[in-house]
Amino acid sequence: MPSLNLGIVFSAGAAAAFNPCGVALLPAFVAYLMGGQEARWSKGVQAGVMMTLGFLSVFLPLGLLTAAFKGIFAQYLSVVIVLVGFFLVLAGFAMFSGRKLLNIKSFQVKKGRNRAKSFYLYGIAYAITSLGCTLPIFSLLVVSALTAGGLFDGMVKFLAYGIGMGIVVTLISVAAVVSRQLVQSFIHNVTPVLNKLSAVLLIASGIYLMMKYWTF
């Protein structure tokens, strides 16, 4: 069975970065962890890279778990994917109406002497908290991993998802270091639009998966 294109998974990770569970707080938190340091774009890049490593610390173990259970679901793969497709359609309508599927509370990461470590921990917290708003999009990644050729292919998909999310967060971090007010205004304007587009894409993806893998 063909797996989802790597570019689609990467794009899903990038879209997941603009989730209302975490993105609205990101610029202020980046400025907080900087602790009044000189506004340099390199500081924003460092923050983004460390947060990306935090994302990967969450998504790569999930990829291993998915690969480990792939054999269990192999004989029922079509049924599992059809059910996921149905869930995506429902989740898409829920997202379009502004609802959140999981109520995962935000983590608080305190500023310490080691700012790199603080940003890394915040990346882990951001990834976990974001699942409350991005679980439907994340489900597409799981489907892609389940239909991938093997362990390596599946792990590459989780890596691409984490990097897609990390690149967007790095750009936001750089902008936040330079002008927090400007990036907060941009996020406020663009996030609702992206959420609506993501909802429509989820509905379309769910319908596609159900039609493609329906074997009953």
Side-chain angles (χ1 to χ4, degrees), residues 1-23 55-56 58-60 62-67 69-70 72-104 126-169 190-216:
M1 295 181 183
S3 63
L4 294 178
N5 184 276
L6 191 63
I8 296 176
V9 175
F10 176 85
S11 300
F18 282 99
N19 71 88
C21 295
V23 72
F55 298 157
L56 296 179
V58 174
F59 295 131
L60 290 183
L62 288 175
L64 285 172
L65 286 175
T66 302
F69 286 99
K70 180 179 177 180
I72 298 177
F73 292 117
Q75 56 182 331
Y76 307 108
L77 191 57
S78 294
V79 178
V80 172
I81 294 179
V82 168
L83 291 175
V84 171
F86 180 70
F87 163 73
L88 290 178
V89 172
L90 294 180
F93 282 111
M95 284 183 64
F96 197 85
S97 63
R99 297 179 181 177
K100 187 168 65 173
L101 297 181
L102 290 178
N103 186 21
I104 300 179
Y126 191 93
I128 296 174
T129 305
S130 297
L131 287 177
C133 290
T134 63
L135 184 61
I137 298 177
F138 185 76
S139 298
L140 284 175
L141 171 63
V142 173
V143 168
S144 180
L146 287 174
T147 57
L151 173 62
F152 177 77
D153 291 334
M155 291 301 295
V156 166
K157 297 296 173 62
F158 280 84
L159 181 65
Y161 184 89
I163 291 176
M165 198 171 181
I167 287 177
V168 172
V169 169
V190 76
T191 300
V193 177
L194 286 177
N195 286 338
K196 298 295 184 184
L197 288 176
S198 296
V200 172
L201 289 175
L202 285 177
I203 294 171
S205 299
I207 293 174
Y208 168 78
L209 290 175
M210 286 191 292
M211 293 179 62
K212 184 175 181 63
Y213 291 96
W214 183 271
T215 58
F216 305 107

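The figures here come from the full heavy-atom set of this structure, side chains too, leaving out hydrogens, waters and symmetry mates.
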Exercise. If only atom types and distance count, is the side chain of S97 paired as donor or acceptor with the main-chain N or O of A94 below 3.5 Å?
Worked result: yes
Can you name the nearest heavy-atom pair linking [X] to [Y], along with the distance?
X: L209; Y: G85; answer: CB-CA, 4.3 Å
X: A199; Y: G92; answer: CB-O, 3.3 Å
X: L88; Y: G206; answer: CB-CA, 3.9 Å
X: V89; Y: I207; answer: CG2-N, 3.7 Å
X: M155; Y: L64; answer: SD-N, 3.5 Å

Exercise. Does a side-chain heavy-atom distance below 4.5 Å link F138 with L141?
Worked result: yes
Atom [atom1] in [X], atom [atom2] in [Y]: separation rounded to 0.5 Å?
X: L83; Y: M210; atom1: CG; atom2: CE; result: 10.0 Å
X: L65; Y: L60; atom1: CG; atom2: CG; result: 11.5 Å
X: L159; Y: F10; atom1: CG; atom2: CZ; result: 10.5 Å

Problem set entry | F59 and Y161 aromatic ring geometry - parallel, tilted or perpendicular at 30°/60° bounds | perpendicular
